[in-house]
Number of protein chains: 2
Amino acid sequence: MSDRRIPDATVVRLPSYLQVLVDLADRGVRTVSSDGLAEAAGVGSAQVRKDLSHLGSYGTRGVGYDVTDLLNHVSSVLGLTRERRVVIVGAGNLGRALASYRGFPTRGFQVVALVDRDPAVVGQRVAGTVVASLDDLPALVARERADIAIVATPASAAQEVTDRLVAAGVTAILNFAPQRIDTPRGVTVRKVDLSTELQLLAYYERVSDSEGSEQSRGHEARLA
Amino acid sequence: MSDRRIPDATVVRLPSYLQVLVDLADRGVRTVSSDGLAEAAGVGSAQVRKDLSHLGSYGTRGVGYDVTDLLNHVSSVLGLTRERRVVIVGAGNLGRALASYRGFPTRGFQVVALVDRDPAVVGQRVAGTVVASLDDLPALVARERADIAIVATPASAAQEVTDRLVAAGVTAILNFAPQRIDTPRGVTVRKVDLSTELQLLAYYERVSDSEGSEQSRGHEARLA
DNA sequence: ATGTGTGAACGTATTCACAGCC
DNA sequence: GGCTGTGAATACGTTCACACAT
């Protein structure tokens with residue numbers, strides 16, 4: 001390791017490493033080399049070593065990394081030691097789909113509420129919870145101790161909903177509305193915009209002959 | 001402009017610029033400065049000028065950019081001159097939500113088919129189309145002249161579905177399955193993984209006090 | 001022997017600052 | 001005077017290559 005700050009570019013790759021490590025642990029593998037990790041995660045092995053060095057992680061020269069140790073270490077760096085509680089705003093098609101998404105609970109994220117402004121929707125049962133009213137947001141966030149919010153509203157409602165979420169004490173927001181949202185310092189926002197993704201695909205499809213991109217967002221981002 | 005190749009970092013910002021330009025055009029604004037664009041898109045003005053210079057775009061010194069001209073130019077660079085035809089594989093909650101997503105048609109993407117492996121699901125009506133069988137993929141892709149596919153299956157099915165899509169002639173894939181997929185050269189893949197996004201939020205929430213990130217995802221991506 | 005950890009080299013992206021044009 | 005377009009400066013990220021630990 002060098003210093004305390006982990007580069008953003010490294011942070012965005014940690015979830016992929018984590019996933020690979022979980023798979024390896026499930027299959028009973030005890031040890032993995034930077035080459036092994038690199039191949040599974042789709043990056044170079046020097047990249048893996050450099051990334052892990054930023055976590056101060058100790059592998060063993062000539063051997064590799066202890067899968068369980070590294071898994072624990074990466075989890076703890078990402079702050080996944082406690083379960084996170086998520087509230088979803090917007091009970092349209094997308095909000096409902098997200099509320100039912102099975103990948104959440106298995107990765108330590110519990111959806112504690114689904115909220116909508118429309119009184120006709122409030123009270124409906126979706127995936128085990130009852131849709132709550134937007135007006136109850138402050139009470140709900142407090143009672144359920146929600147950390148993270150997902151905004152799955154139309155663009156026109158996104159900023160207002162965001163302001164209300166921030167007022168209610170949420171400090172991390174995943175924004176699915178095709179709209180930039182402003183937040184005060186200290187509130188983290190990430191954006192997922194499907195149309196943008198398709199536009200980028202359209203671009204790279206045209207240019208390709210050579211090759212594509214990523215990110216997922218990397219540049220990346222990820223879901224179903 | 002300098003040369004022909006547009007940097008990836010620039011390409012991923014073009015959709016945001018496009019969105020801002022569409023809004024400005026709707027509001028009847030004729031002209032915009034790099035400062036105006038920058039503010040609305042949430043980046044610096046030098047960034048905007050540098051990005052646009054890569055497109056060879058001509059603004060007017062002392063005035064700014066012609067909104068309509070620039071809009072057309074950015075659209076054409078992104079390859080959005082013709083409508084793109086999209087097939088969605090996986091008619092679970094997410095696939096259905098995406099099939100109903102209203103942001104698609106308004107941005108030039110038409111969902112021409114929703115496909116699933118499960119015979120119990122095939123034949124159901126979803127958002128105006130009938131769910132088709134995975135086995136009909138080659139015929140469907142050919143008949144509908146689909147360019148782009150969205151993979152909204154469980155992780156376990158993602159690679160097989162991808163292989164079939166590629167065999168059927170699809171050259172651009174948006175992958176929502178929490179699984180890395182391999183494709184031959186010439187096929188562009190972008191990944192959107194919701195759990196990853198939440199994990200990154202969890203990280204930045206902990207670290208913050210200072211500030212957050214983005215991507216999308218490019219590192220950023222975007223959706224509802 | 002094998003595979004990590006890391007400085008050094010390289011490449012890419014952002015920001016600065018200002019000359020040049022309207 | 002105002003705002004673009006761009007070289008130059010800086011910051012950031014990746015890849016190389018090898019000394020060193022096991």
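Keep in mind that the numbers below use all heavy atoms, side chains included, and drop hydrogens, waters and symmetry copies. None of the values given here were measured: they were computed from a predicted structure. Every chain is numbered from 1, with letters handed out A, B, ... down the list of sequences.
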Is it the case that the side chain of B:Thr10 and the backbone of B:Ile6 share a donor-acceptor pair, with hydrogens and angles ignored and the cut-off at 3.5 Å? no
Under a 3.5 Å distance rule, please check whether A:Asn175 uses its side chain to pair with a backbone N or O of A:Gln179 as donor and acceptor. yes
Do [Y] and [X] meet the salt-bridge criterion of a basic N to acidic O distance under 4.0 Å?
| X | Y | value |
| --- | --- | --- |
| B:Asp147 | A:Arg206 | no |
| B:Asp182 | B:Arg180 | yes |
| B:Arg117 | B:Glu160 | yes |
| A:Glu197 | B:Lys191 | no |

Out of D:dT15, D:dT4, D:dT6, whichever nucleotide has its closest atom nearest the side chain of B:Ser33: D:dT4
B:Ala9 side-chain proximity, nearest of C:dT14, D:dC16, D:dT6: C:dT14
Are B:Tyr17 and B:Asp51 linked by a side-chain donor-acceptor pair shorter than 3.5 Å? yes
Looking at B:Glu144, I want to see if its CD is surrounded by more than 12 non-hydrogen atoms of other residues, nucleotides or ligands under 6.0 Å. yes
Measure from [atom1] on [X] to [atom2] on [N] and round the result to the nearest Å.
| X | N | atom1 | atom2 | answer |
| --- | --- | --- | --- | --- |
| A:Ile6 | D:dG13 | CD1 | C1' | 16 Å |
| B:His54 | C:dT12 | NE2 | C1' | 10 Å |
| B:Asp8 | C:dA13 | CG | C1' | 11 Å |
| A:Asp51 | C:dT4 | CG | C1' | 14 Å |
| B:Arg5 | C:dG11 | CZ | P | 16 Å |
| A:Leu70 | C:dG5 | CG | P | 10 Å |

Phosphate-side-chain proximity, [X] and [N], N/O vs OP1/OP2 below 4.0 Å:
| X | N | result |
| --- | --- | --- |
| B:Tyr65 | D:dG5 | yes |
| B:Gln47 | C:dA13 | no |
| B:Ser34 | D:dT4 | yes |

Residue of the set A:Gln47, A:Glu39, A:Arg49 for which side chain to side chain donor-acceptor pair (under 3.5 Å) holds with A:Ser34: A:Arg49
Between B:Asp35 and A:Arg13, who's closer to the 5' end of DNA chain D by nearest nucleotide? B:Asp35
What nucleic acid atoms does B:Gly64 come within less than 4.0 Å of, heavy atoms only: base, sugar-phosphate, or nothing? sugar-phosphate
Polar pairs (N or O, both sides) under 3.5 Å between protein and nucleotides 18-22 of chain D?
| unit_1 | atom_1 | unit_2 | atom_2 | d |
| --- | --- | --- | --- | --- |
| D:dC20 | O2 | A:Arg61 | NH1 | 3.1 |

Give me, pair by pair, the N or O atoms of the protein and of nucleotides 8-12 of chain D that are less than 3.5 Å apart, along with how far apart they are.
none

